[in-house]
Enquirer: 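The structure under discussion is supplied below as structure tokens; questions concerning it will follow.
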Amino acid sequence: MSVPSHAKPEVIAHLTQAFAFPISAYDGLVDQFIKELHEGLTHENRMPMIPTFVYELPTGEEAGVILSLDLGGTNLRVCRTTLSGKGNFEIIHKKWTISDTLKKGPGKELFAWIADRIEEFLDVQCHAIHSESNYPLGMTFSFPCEQLDINVGKLFAWTKGFRGNDILGQDVVKVLQDCIDAKKLNITVNALINDTVGTLLATTYKHPGCEIGIIFGTGTNCAYLESQSEIVKIKSGAANYTSPTNHQVINTEWGAFGNASGALPANEYDNRLDTRSSQPGKQRYEKMVSGLYISELTRLVIHDLAAKGELFVEEPGKPKTDEQLGDLAIKERFDGAMMGSIEGDESTNLDTIEHHFLTNYNLKTSTSDRETIKYICQLISARSARLSAVGIAALIKKRKLLNEPRKVIVGIDGSLFNKYPHFVQHLQGALNEIFNPATVQSRISLIHAEDGSGVGGAIAAYLACKQQGQPV
Ligand code: BGC
């Protein structure tokens with residue numbers, strides 16, 4: 001990351017210090033992360049560490065045609081996956097953007113809309129609205145649920161700006177099934193998984209041996225295979241107390257890391273973002289790592305500098321007012337895709353940045369403004385990647401995976417990992433610093449999970465049918 005030559009040195013020094021994440025901070029934070037993983041497995045009300053009732057990972061030989069649904073932070077997808085064994089699959093899907101009205105409106109309306117989309121998909125893609133045979137459907141749901149069985153999960157919090165509080169505490173499978181039944185569709189939702197569990201299942205299907213699935217996208221989270229004996233908080237006699245395989249997949253909900261301990265190096269902007277969020281004090285790690293929040297952090301910094309007369313100044317001594325800054329002064333009006341394209345701008349004049357600010361906010365930028373804005377994006381995304389590496393390292397160390405002879409395979413999906421310029425390089429670089437380059441190179445594989453949520457949902461539904469002795 002090159003320090004901008006035209007920008008004000010005192011502004012750059014302030015930003016660099018605010019978002020610094022020195023190598024010396026890694027070890028302490030990794031140890032704290034491991035501690036919080038353990039605490040979550042032992043006590044309630046810590047990092048959620050949710051047992052998922054998924055007791056086994058696929059072999060790669062699963063075969064069948066299965067429906068799945070993927071409700072993420074930005075889009076809804078309905079998918080029809082053909083698993084054909086040997087890690088092969090084909091997927092057809094249709095995607096809809098979830099509108100702000102649906103995100104912020106009642107949960108029941110969101111689910112009724114989802115059932116309408118399933119019907120549309122069955123009609124157009126499968127020509128089978130009122131089929132005689134019953135379709136199993138795997139539901140990939142990217143929000144924290146307390147699982148009571150593979151097909152029962154009580155939503156305990158919305159994240160990523162969703163607000164449908166009317167269904168908080170309810171079983172989301174039942175809410176969806178009721179909406180499906182109201183439309184008389186012959187579908188049974190037989191598995192509920194988190195998108196990280198989907199990522200894990202989909203990666204393992206193609207790369208047997210994978211035990212960790214992660215999302216670095218709008219939100220962030222991780223699922224992994226844990227020994228049943230480590231999950232101390234499962235009460236004796238509970239339905240999932242004894243696992244048929246002595247293992248169980250845990251949905252960590254690691255976005256909650258640092259909530260109670262305050263271990264994260266939060267600065268004034270992180271604290272401002274948190275206070276103004278719909279859930280202050282929650283998801284502190286996610287708020288420093290994932291796409292939704294790092295773009296909002298970037299906006300907060302740019303807005304702050306503009307208000308202090310350090311950016312977009314046309315007349316000396318006259319900072320821009322909120323009215324003049326327009327959308328830039330409004331929460332979440334600066335998205336991750338824009339941030340990525342700013343960071344990816346390698347032109348001499350930083351034309352993309354000039355264009356973005358002119359067309360989206362009607363703001364003229366000087367060379368110094370453009371360099372400063374790019375630098376802000378770089379600082380915030382690099383810190384996000386380094387913190388992401390802390391989570392991965394903590395999981396690898398907690399499970400002592402480097403003591404085993406085989407390679408550690410980590411399946412990862414999400415827009416930050418797949419699309420954000422330099423994110424993967426920063427992540428890899430940070431892992432090199434935490435372990436060492438030779439170990440990372442020879443022992444750790446970060447693999448892009450191909451359509452983790454869609455295929456993973458289908459595999460979960462397959463495994464649930466198998467567990468319940470039903471044909472696929
Ligand atoms: C949610 C997780 C989800 C992650 C990635 C977080 O906000 O709490 O359940 O896995 O986003 O989509």
Side-chain angles (χ1 to χ4, degrees), residues 36 40 46-52 54 68-77 95 97-98 103 107 138-147 153-165 167-168 172-173 191-203 212-224 249-259 273-274 277-296 332 336 384 387-388 391-392 395 410-420 423 448-449 451-454 456-457 460:
E36 295 193 24
R46 305 291 166 93
M47 192 186 288
M49 302 295 280
I50 304 162
T52 60
V54 175
S68 60
L69 176 90
D70 169 22
L71 185 72
T74 314
N75 299 311
L76 167 76
R77 288 188 319 137
K95 177 159 103 179
T97 301
I98 309 164
K103 281 186 190 171
M139 177 179 180
T140 305
F141 185 69
S142 312
F143 302 90
C145 285
E146 181 197 354
Q147 287 220 224
K154 281 193 192 165
L155 176 64
F156 63 79
W158 283 107
T159 53
K160 296 174 283 201
F162 282 65
R163 303 244 174 91
N165 290 346
I167 60 163
L168 273 185
V172 287
V173 173
L192 170 72
I193 55 164
N194 184 263
D195 51 355
T196 52
V197 178
T199 300
L200 171 59
L201 296 177
T203 311
I212 301 177
I214 298 177
I215 300 284
F216 292 122
T218 308
T220 184
N221 189 14
C222 167
Y224 72 106
V249 172
I250 294 290
N251 165 17
T252 64
E253 289 293 338
W254 77 7
F257 170 59
N259 284 0
L273 180 145
D274 180 51
S277 69
S278 50
Q279 292 182 298
K282 303 267 171 64
Q283 302 293 98
R284 292 306 303 254
Y285 179 65
E286 179 167 72
K287 285 172 179 160
M288 292 168 86
V289 167
S290 78
L292 174 65
Y293 298 107
I294 62 170
S295 53
E296 175 60 2
E332 288 170 16
S384 148
L387 285 168
S388 303
I392 297 178
L395 247 301
V410 184
I412 310 182
D413 205 356
S415 49
L416 262 186
F417 184 79
N418 297 337
K419 297 194 195 137
Y420 197 92
F423 182 84
H448 163 51
D451 204 341
S453 301

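What you see is a predicted model; the values in this text were computed from it and never measured. Order of listing sets the numbers, starting from 1, for every ligand and every atom in it.
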Enquirer: Give the atom numbers and elements of ligand 1 that come within less than 4.0 Å of a heavy atom of E253.
Expert: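 Those atoms are 1 (C), 2 (C), 8 (O), 9 (O).
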Enquirer: Within this structure, what is the CG-OH distance for the pair N259 and Y285, rounded to the nearest 0.5 Å?
Expert: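 Here the interatomic distance stands at 12.5 Å.
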Enquirer: Among all protein heavy atoms, pick out the one at the shortest distance from atom 12 (O) of ligand 1; state its residue, atom name and that distance to 0.1 Å.
Expert: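 Atom 12 (O) of ligand 1 sits closest to the protein heavy atom D195 OD2, 2.5 Å.
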Enquirer: Side-chain contact test, heavy atoms from C-beta onward, threshold under 4.5 Å: evaluate it for W254 versus I214 and give yes or no.
Expert: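 They are in contact (side-chain heavy atoms under 4.5 Å apart), so the answer is yes.
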Enquirer: Would you mind running through ligand 1 and noting each atom that sits below 4.0 Å from a heavy atom of N194?
Expert: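 Selected atoms, number and element: 2 (C), 3 (C), 9 (O), 10 (O).
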Enquirer: Flag N251 as yes when one of its N or O atoms lies below 3.5 Å from any N or O atom of ligand 1, and as no otherwise.
Expert: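 No: no nitrogen or oxygen of N251 is under 3.5 Å from one in ligand 1.
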Enquirer: Please round to the nearest 0.5 Å and tell me the distance separating atom CG of L416 and atom OG of S295.
Expert: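 One finds 9.0 Å between CG of L416 and OG of S295.
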Enquirer: Which ligand 1 atoms are under 4.0 Å away from a heavy-atom of P144?
Expert: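 Within the 4.0 Å cut-off of P144, ligand 1 contributes 8 (O), 9 (O).
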Enquirer: Whether the D195 and N221 side chains hold a donor-acceptor pair (N or O, under 3.5 Å, no angle test) is what I'd like checked.
Expert: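 There is no such pair (donor and acceptor under 3.5 Å, judged by atom type) between the side chains of D195 and N221.
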Enquirer: Do ligand 1 and T196 have nitrogen or oxygen atoms that lie under 3.5 Å from each other?
Expert: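 No; the residue has no nitrogen or oxygen that sits under 3.5 Å from a nitrogen or oxygen of the ligand.
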Enquirer: Which residue and atom name correspond to the protein heavy atom nearest atom 6 (C) of ligand 1, and how close is it?
Expert: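 Answer for atom 6 (C) of ligand 1: E286 OE2, 3.0 Å.
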Enquirer: May I ask you to check whether over 12 heavy atoms, not counting those of K103, lie within 6.0 Å of atom NZ?
Expert: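 For K103, atom NZ is crowded (more than 12 foreign heavy atoms under 6.0 Å).
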Enquirer: Which label fits F141 and W158: parallel for a plane angle under 30°, tilted from 30 to 60°, or perpendicular past 60°?
Expert: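 It falls in the perpendicular class, over 60°.
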Enquirer: Numbering the atoms of ligand 1 from 1, which are under 4.0 Å from a heavy atom of K160?
Expert: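 Within the 4.0 Å cut-off of K160, ligand 1 contributes 3 (C), 4 (C), 5 (C), 6 (C), 7 (O), 11 (O), 12 (O).
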Enquirer: Heavy atoms only: which of G219, G161, C145, S142 is nearest to atom 1 (C) of ligand 1?
Expert: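 Among G219, G161, C145, S142, the closest heavy atom to atom 1 (C) of ligand 1 comes from S142.
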Enquirer: To the nearest 0.5 Å, how far apart are CD in E146 and CD in E253?
Expert: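 Spacing of CD (E146) from CD (E253) equals 12.5 Å.
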